[in-house]
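Single-structure report; data block below.
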Amino acid sequence: MRMSKLFVQTLREYPSDAEVISHKLLVRAGYIRKLANGIYNYLPLMQRVLHKIENIVREEMNNAGAQELLMPFVQPSELWLESGRWEVYGKELMRLKDRHNREMCLGPTHEEVITSVAREGIRSYKQLPINLYQIQTKFRDEIRPRFGLLRGREFIMKDAYSFDSDEAGLDKSYEIMAKAYKKIFERCGLETKMVQSDSGAIGGSVSHEFMVLVNEDSENNAGENDVFYCSECGYSANSNHAVSNLEKAQTDGGFTSAQIKDTPNTATITELADYLKIPPSVICKCLIYVIDGKYVAALIRGDKTVEETKLMNEFQGNEIRIARNDEIEEIMSNSGFNAVAGFIGPKGLKGVEIIADKTVLELKNFVIGINQTDKHLTGANWGVDVELPVKTADIRLVEENDLCCECGAKLKVTKGIEVGNIFKLGTKYSKAMNATFTDKDGQEKPFIMGCYGIGISRTAAASVERHHDENGIIWPKSIAPYLVTVVPVSDQDETQMKVAEDIYNKLLENNVEVLIDDRAERAGVKLKDADLIGIPYRITVGKTIKDNLVEFKTRQTGDVETITPDEAVKRILDLI
RNA sequence: CGGGACGUAGCGCAGCCUGGUAGCGCACUACCUUGGGGUGGUAGGGGUCGCAAGUUCAAAUCUUGUCGUUCCGACCA
């Protein structure tokens, strides 16, 4: 491709609305342009990168025995009503009506559609297992799109769905996908970590995410997930799912009797601990949440934090938030109390479900709110002064240096970009939508399903997050839009131009994806652009051509070698 | 949705406080110059100052509303 004809415009400055480096660089280097909030045009260079990633995904999915199909982007509400998600998916589901006033939506994911495809097309266990996938645009009306392609509203995703006749089959399908994913990201030049995760709104039991780990210390804040991991045994999990053991802490408050004490101006745990001169770990914290419109009081040790996803899952909820002050007032007046946040306790609450984190079980002679402003109960014990909640669970957010549940070593934390995930869905959709097959024994059974996603456009952006320097993008060879760019330093110099054209044509003849910068620009502009756009190899034809020498530069290492044009061509041909 | 900031040429910005001919750099067009890390120059083209209402002889500038963008929190590939 000739740069003089390529549709690309590089900018001298970063766009002002971009925050993270992948967004800044992709816009500045002419790969993407924003059309609306969270919605981007993929310009020709970007489209080539996306195709590269898609093709790697296709090859590995096909190798893993999956079959590609393509489902509609616009979906009828009926399927979503069947699965029950029309009500629960919320505002992220972009709904619209057609001219006949029929309710439709833009596909944020395709479990419903694939399940309908399967129930029509798969009748017998003999057709199982099967794995079907597509590469397609998804639309999710995100609350807050940001970070360019890392969190757009419209994005490109590969989604695959497996169907098995039993759990053992699903385990196998899941394994196959886990392996395929590892290989896909490796081939894309991305190191990923497979971590345990919450299965969220899609539903199901087991799930893992593939994370590209990013350093927190750089200007790079693109990692939206906290990943906890153990460098001893290899345990790793998203913070929304991670579990840990705790170092021994003081859990006995040392109070000799139960007593209500005045504790003025102690609405926070720190203030209360300071006032009573006790460690936060002997306080039982009580937080009021609203889960799908219902009130929940969550009890947790004072020095720990509630992990909201875990809490929400205990109630099979879809939406969770901390209660507003007016809601707390409402609870108080319904229960006959008059306390403000900071002094709330489980005792006597009406219309509120109570759940205790495991950490509070071992508390003795502890401190807890009793729904009286500026007062707390000290020296409380479960079963004596406060009834132990029936519902207990792990709803605690793991922290760095907590102990690994597997091996006891200290856990570490890092930021990650989720580029893929795999779920064991089980029969959630097949049962709800009555998608069944006839098994060996002649019985009708629901499919055992798995689903597997890869964010194609996000993977491209994640690659830029990981592979760049102060001059621009550094694409891995496997997903670069072009492998090599030939740069004649001066378009005025006939010899340079002739040699450059010659190299270009030889590479073209050998099906190399090659650019030639034949623009009437100065050397500096061409060289800056080559770095910015991030082409892995550059062959520069300059003055040294009088000695039959050109410059061969490797973008990733910055290595520059001076060799003959023929050698340069050979170098490239040896790479492919 | 809650809290902050910003909307002036394709991009980056000044002008607004103190109302009076709409500016700068990059990009774009033509010519000259230069020719190995975004040369230097001359001459050009491109704007309903986000939109609407109000105040005023007069609004980019003041007021109100509205729409959009962006940052911080709850969502997720």
Side-chain angles (χ1 to χ4, degrees), chain A residues 9-20 23 27-28 30 33-34 36-38 57 89-93 108-110 135-160 181 197-202 207 209-212 221 224-225 238 240 289-291 308-309 312 318-322 324 416-423 451-462 471-472 487-493 496 519-532 538 540-545 550-551 553 560:
Chain A
Q9 181 171 35
T10 58
L11 306 175
R12 202 173 274 226
E13 288 161 285
Y14 287 128
S16 63
D17 59 359
E19 185 72 7
V20 299
H23 186 193
V27 173
R28 189 173 157 202
R33 261 307 167 81
K34 181 165 66 186
N37 193 7
V57 169
Y89 212 101
K91 289 185 183 162
E92 214 173 293
L93 183 64
T109 174
H110 281 70
I135 294 175
Q136 211 219 30
T137 294
K138 303 280 187 237
F139 194 95
R140 295 185 189 172
D141 200 359
E142 293 279 349
I143 299 164
R144 183 145 99 88
R146 63 190 141 168
F147 300 160
L149 297 190
L150 287 172
R151 178 167 299 279
R153 291 196 290 174
E154 186 177 305
F155 58 99
I156 300 170
M157 177 169 159
K158 186 282 304 180
D159 48 322
Y181 272 37
S197 89
D198 173 61
S199 41
I202 295 179
S207 84
E209 293 169 338
F210 286 77
M211 295 283 188
V212 173
N221 54 0
E224 295 191 81
N225 299 273
N238 191 314
N240 64 22
Y289 280 91
V290 182
I291 301 178
E308 297 184 355
T309 304
M312 184 171 76
N318 294 293
E319 254 183 36
I320 183 166
R321 61 180 172 79
I322 199 97
R324 296 186 306 261
I417 300 169
E418 182 189 352
V419 287
N421 68 7
I422 55 180
F423 287 93
C451 76
Y452 316 91
I454 289 180
I456 301 286
S457 42
R458 182 183 278 182
T459 297
N471 295 314
V487 181
V489 165
S490 168
D491 67 319
Q492 311 285 301
D493 186 310
Q496 285 180 24
R519 295 176 299 173
E521 289 287 355
R522 288 174 60 84
V525 174
K526 296 185 189 180
L527 299 177
K528 286 279 187 194
D529 273 350
D531 284 349
L532 181 61
R538 187 180 84 201
T540 314
V541 184
K543 280 180 194 147
T544 55
I545 200 60
V550 298
E551 185 183 286
K553 180 169 177 180
V560 177

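By convention in this document, chain letters (A, B, ...) are assigned in the order of the sequence lines, proteins followed by strands, and residues within each chain are numbered from 1.
- Evaluation of atom-type donor-acceptor distances gives a pair under 3.5 Å for the side chain of A:D531 against the base of B:G37.
- Side-chain atoms of A:R538 stay outside donor-acceptor range of the base of B:G36, with no qualifying N/O pair under 3.5 Å.
- With B:C1, B:G36, B:A77 as the candidates, the nucleotide lying closest to the side chain of A:N421 is B:A77.
- Between A:E551 and A:V487, every side-chain heavy-atom pair lies at or beyond the 4.5 Å cut-off.
- Of the candidate nucleotides B:C75, B:G35, B:A77, B:G35 has the atom nearest to the side chain of A:Q492.
- Side-chain nitrogen and oxygen atoms of A:N37 include at least one within less than 4.0 Å of the OP1 or OP2 phosphate oxygen of B:U70.
- Considering only the side chain of A:R12, B:G38 comes nearest among B:G35, B:G38, B:A77.
- Taking only distance into account, the side chain of A:R140 never meets the base of B:C76 through a donor-acceptor pair shorter than 3.5 Å.
- Listed pair A:K528 / B:G37 fails the phosphate criterion, with no side-chain N or O lying under 4.0 Å from OP1 or OP2.
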### Message
For a quick check, with a 4.0 angstrom heavy-atom cut-off, what is the B/S/- contact string for nucleotides 10-15 of chain B, read 5' to 3'?
### Response
S-SS--
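- In this structure, A:R140 contributes its side chain and A:R153 its backbone to no donor-acceptor pair below 3.5 Å.
- The side chain of A:R151 places no N or O atom within less than 4.0 Å of a non-bridging phosphate oxygen (OP1 or OP2) of B:C76.
- Pairing partner, B:C17: none, since no Watson-Crick or wobble contact has both distances short of 3.5 Å.
- The partner of B:A58 cannot be assigned: no Watson-Crick or G-U wobble pair with both contacts below 3.5 Å exists in any strand.
- A close approach under 4.0 Å does occur between a side-chain nitrogen or oxygen of A:R144 and OP1 or OP2 of B:C72.
- B:U61 adopts an anti glycosidic conformation, its chi angle falling more than 90° from 0.
- Pairing of B:G25, defined by two Watson-Crick or G-U wobble distances under 3.5 Å, is identified with B:C11.
- Residue A:K34 places at least one side-chain N or O closer than 4.0 Å to OP1 or OP2 of B:U70.
- You won't find any donor-acceptor pair under 3.5 Å spanning the side chain of A:N471 and the base of B:G37, going by distance alone.
- Pairing of B:U63, defined by two Watson-Crick or G-U wobble distances under 3.5 Å, is identified with B:A53.
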